Engineer: 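Take a look at the following structure, please.
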Amino acid sequence: MEARAAAIEGNHLRSAELLAQLVDASSANADITREAVSQAISAGDMKLALRLVRGLPATSTPIEAQMLQAADALRSDDPARAISLLQSGSAAGDLAFVAPFLRAWAAADAKDQARALTALDAVSSRNLLSALVPEHRALILLKFGRTAEAQPFVDQAIKVSGGREARLRLALSDAYLRAGDKARASAIVQGMSTELGKAGDKVLQGRPGGIRIDNGRRAFSELLVVLAAELNRLRNEKMPVALAQVARYAAPDNSAASVMLGLMLGSRDRVDEAVIALRTVPDSDPLSPQARDAEVRTLLGAKRQGEALQAAQRAISGGNAGVADYARLGDVLANMKRNDEAAAAYGQALQLVGQGRPEDRWPLLILQASALEEGNRWPEARGLLTQALALAPNEAVILNFLGYAKLERGEDMDSAEAMIRKASALAPDDSSITDSLGWAVYKRGRIKEAIEILSRAAKGDPAQAEIHEHLGDALYRAGNRFEARYAWSAALQTAEDEVATRLKTKIETGLTPATAAP
């Protein structure tokens with residue numbers, strides 16, 4: 001009972017230790033032993049998990065424990081045992097779909113190029129990881145120095161890499177450099193975002209960017225990261241954390257696994273564990289900016305603003321602060337309503353960007369403008385938004401921000417509505433922009449049309465208080481008093497501070513000039 005209570009409270013290590021006591025005292029059945037193993041993996045205590053799993057038959061070993069045993073075998077340079085473990089089968093699930101990738105890398109590590117590529121040929125199109133075949137084929141070909149032959153597979157891999165694109169580009173560029181092809185290494189990092197620009201700059205100078213996927217252990221870790229991300233997307237509660245923990249164990253230098261683990265732990269209210277995991281990513285790692293961002297977001301989400309500010313300031317005080325570091329500091333200060341300081345931090349980030357690419361400048365201009373607007377410095381904010389719009393005239397977020405800000409102030413209403421309409425045409429599925437359009441129409445006195453647009457926005461984002469308040473105001477103006485109070489009540493579910501106070505007043509007394517949404 002204590003172990004179960006500890007798990008519910010999020011103390012998975014304590015749960016694992018209590019269950020292990022039962023196992024060691026021969027008081028545990030197979031179910032308790034399996035739970036002890038799973039809790040130990042979730043907590044990242046792989047030594048305990050590996051000791052406990054020895055007491056389970058292979059056929060009843062949890063999936064995450066099978067993956068852990070395979071990772072342990074790879075760390076011991078025993079790929080044959082790793083493959084055997086994944087092919088053995090279990091009542092918990094079939095992991096044979098991973099085996100062809102391990103066979104390919106086992107052959108590559110043994111310098112058998114033909115057998116490595118043949119193993120990848122055997123991956124069925126029905127395999128859960130079949131989309132990763134081009135990536136692994138490219139990496140294996142580069143391991144053998146076949147850069148021209150790898151190129152089409154590199155192109156395919158990048159197309160389907162999604163959120164892993166920057167990391168994969170760096171890994172492939174390093175593989176090109178090791179193969180002696182500086183030209184292709186440089187080409188693959190051209191135009192990378194400022195966030196990872198330092199690593200890309202190293203590659204352009206002929207030096208490795210710092211990410212390697214060049215052996216079976218690292219490749220297995222990368223497979224686990226992909227699986228964990230997909231399961232997390234499908235809202236699986238336990239397995240993504242477990243697989244991310246195993247990915248870190250398989251390749252402790254896989255910073256992507258640490259960043260993913262930190263984000264997952266933070267989203268599950270395991271904040272202290274998340275921070276510990278994220279801080280294992282050193283400042284020299286290409287994903288260090290992502291790790292610091294995740295740490296700050298996790299702390300802010302837990303309402304630990306002081307610690308978030310300290311973390312952001314530490315990155316600045318290191319003496320080599322970059323654009324991402326100042327932008328991160330601005331985010332924390334803005335969250336704390338220290339708007340003037342936030343605007344100054346974003347200004348520092350803009351100075352570092354200089355006259356760089358428009359796509360690096362305009363997001364910072366928007367952030368600085370937002371801080372200035374919150375600090376009642378609208379003329380300055382308007383000037384920055386105008387600059388941003390000149391850099392990116394077809395960015396819906398800029399058009400919406402500038403148009404809505406003008407709308408709130410009754411400033412140049414025709415232009416404001418035109419901007420918002422253009423933003424809505426560019427991003428028709430964005431509920432916030434649809435809300436802006438509905439509110440613009442409402443402000444122009446077209447109430448019936450406004451209700452139709454605002455109803456669409458509320459359906460698209462039922463949790464956003466601002467949308468429901470706008471809809472309630474429009475309904476009240478149309479004489480639909482009951483429906484208006486229903487919309488205001490819906491808004492009250494997520495509203496905070498002065499907005500919540502305004503909504504309560506409207507629900508009790510109705511819409512007045514004093515309680516109208518701005």
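Computed from a predicted model, the values in this text were never measured in an experiment.
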Engineer: Any side-chain heavy atom of Tyr176 sitting closer than 4.5 Å to one from Gln151?
Structural biologist: yes
Engineer: Side chain of Ser15, backbone of Asn11: donor and acceptor closer than 3.5 Å?
Structural biologist: no
Engineer: Between Pro100 and Ala119, what is the shortest heavy-atom contact and its length?
Structural biologist: O-CB, 3.8 Å
Engineer: Whether the side chain of Ser130 engages the backbone of Arg126 through a donor-acceptor N/O pair (distance < 3.5 Å, no angle test) should be reported.
Structural biologist: no
Engineer: What I'd like to find out is whether the side chain of Asp174 reaches to under 4.5 Å of the side chain of Val203, using heavy atoms alone.
Structural biologist: yes
Engineer: Side-chain donor-acceptor pair under 3.5 Å between Arg248 and Thr280, yes or no?
Structural biologist: yes
Engineer: When you look at Val259 and Leu263, which way does the side chain to side chain contact (heavy atoms under 4.5 Å, CB included) test go after all the steps?
Structural biologist: CA-CA 6 Å; Val259 172; Leu263 289 168; 4.1 Å; yes
Engineer: Determine whether Val98 and Met67 make a side-chain contact, defined as any pair of heavy atoms from C-beta on separated by less than 4.5 Å.
Structural biologist: yes
Engineer: Taking side chain as C-beta onward, heavy atoms only, is Gln245 less than 4.5 Å from Leu261?
Structural biologist: yes
Engineer: Do Lys238 and Glu64 meet the salt-bridge criterion of a basic N to acidic O distance under 4.0 Å?
Structural biologist: no
Engineer: Which heavy atom of Ala427 sits nearest a heavy atom of Ala396, and at what distance?
Structural biologist: CB-CB, 4.0 Å
Engineer: Yes or no on side chain to side chain contact (heavy atoms under 4.5 Å, CB included) for Leu372 and Asn339, after CA distance, side-chain angles and deciding distance?
Structural biologist: CA-CA 6 Å; Leu372 290 169; Asn339 297 306; over 6 Å; no
Engineer: Might you work through the salt bridge (Lys or Arg N to Asp or Glu O under 4.0 Å) test for Arg212 and Asp253, ending with a clear yes or no?
Structural biologist: CA-CA 9 Å; Arg212 298 179 66 173; Asp253 59 349; over 6 Å; no
Engineer: Using only atom types and a distance under 3.5 Å, with no angle test, would you say the side chain of Ser288 pairs donor to acceptor with the backbone of Ser284?
Structural biologist: no
Engineer: Please check this pair: side chain of Gln368 against backbone of Ala343, looking for a donor-acceptor N/O pair closer than 3.5 Å.
Structural biologist: yes
Engineer: Is it true that the side chains of Asp461 and Ser431 contain a donor and an acceptor less than 3.5 Å apart?
Structural biologist: no
Engineer: What is the distance from atom CZ of Arg178 to atom OG of Ser173, rounded to the nearest 0.5 Å?
Structural biologist: 9.0 Å
Engineer: Measure across Gly216 and Asp109 and return the closest heavy-atom pair with its distance rounded to 0.1 Å.
Structural biologist: N-OD2, 2.9 Å
Engineer: Salt bridge or not for Arg137 and Asp121, using N-O below 4.0 Å?
Structural biologist: yes
Engineer: Got a salt bridge between Arg328 and Asp331, using NZ or NE/NH1/NH2 to carboxylate O under 4.0 Å?
Structural biologist: no
Engineer: For the CG atom of Asn236 and the CG atom of Leu227, what is their distance to the nearest 0.5 Å?
Structural biologist: 11.5 Å
Engineer: Which pair of non-hydrogen atoms, one from Ala138 and one from Ala150, has the smallest distance, and what is that distance?
Structural biologist: O-CB, 3.9 Å
Engineer: With a 4.5 Å heavy-atom cut-off, do Leu365 and Tyr346 have their side chains touching?
Structural biologist: no
Engineer: Apply the test side chain to side chain contact (heavy atoms under 4.5 Å, CB included) to residues Leu385 and Glu373: give CA-CA distance (whole Å), side-chain angles for both, the deciding distance (0.1 Å), then the verdict.
Structural biologist: CA-CA 11 Å; Leu385 290 170; Glu373 186 199 26; over 6 Å; no
Engineer: Working to the nearest 0.5 angstrom, can you tell me the gap between Met239 CE and Asn232 CG?
Structural biologist: 12.5 Å
Engineer: Verify whether one side chain among Ser42 and Arg268 offers a donor that lies under 3.5 Å from an acceptor in the other.
Structural biologist: no
Engineer: Hey, could you give me the CG/CD1 distance between Leu68 and Ile41, rounded to the nearest 0.5 Å?
Structural biologist: 5.0 Å
Engineer: Report yes or no: do Glu135 and Ser161 form a side-chain donor-acceptor pair below 3.5 Å?
Structural biologist: no
Engineer: Answer with yes or no whether the side chains of Lys422 and Asn394 bring together a donor and an acceptor at under 3.5 Å.
Structural biologist: yes
Engineer: For Ala388 and Ile398, work out which heavy atoms get closest and say how close.
Structural biologist: O-CD1, 3.6 Å
Engineer: Given side chains that start at C-beta, do those of Val226 and Arg164 come closer than 4.5 Å, heavy atoms only?
Structural biologist: yes
Engineer: Quick check: do Leu389 and Leu399 have side-chain heavy atoms less than 4.5 Å from each other?
Structural biologist: yes
Engineer: Taking Asn127 for its side chain and Phe97 for its backbone only, find out whether a donor-acceptor pair lies under 3.5 Å.
Structural biologist: yes
Engineer: Would you say that Trp105 contacts Arg217 through its side chain, given a criterion of any heavy-atom pair below 4.5 Å between the two side chains?
Structural biologist: no
Engineer: Could you tell me whether the side chain of Ser84 and the main chain of Ala80 form a donor-acceptor pair under 3.5 Å?
Structural biologist: no
Engineer: For the side chain of Lys143 and the backbone of Asp214, is there at least one donor-acceptor N/O pair under 3.5 Å apart?
Structural biologist: yes
Engineer: Salt bridge or not for Arg169 and Glu165, using N-O below 4.0 Å?
Structural biologist: yes
Engineer: Determine, stepwise, if the pair Met419 / Asn400 fulfils side chain to side chain contact (heavy atoms under 4.5 Å, CB included).
Structural biologist: CA-CA 7 Å; Met419 286 182 185; Asn400 184 60; over 6 Å; no
Engineer: Just how far is it from atom CZ of Phe220 to atom CG of Leu86, taken to the nearest 0.5 Å?
Structural biologist: 5.5 Å
Engineer: Taking the side chain from Asp181 and the backbone from Thr147, do they hold a donor-acceptor pair closer than 3.5 Å?
Structural biologist: no
Engineer: Salt-bridged, Arg292 to Asp283, with N to O below 4.0 Å?
Structural biologist: yes
Engineer: Which heavy atom of Ala321 sits nearest a heavy atom of Leu352, and at what distance?
Structural biologist: O-CD1, 3.9 Å
Engineer: About how many Å separate CD1 of Ile366 and CZ of Arg361, when rounded to the nearest 0.5 Å?
Structural biologist: 12.5 Å
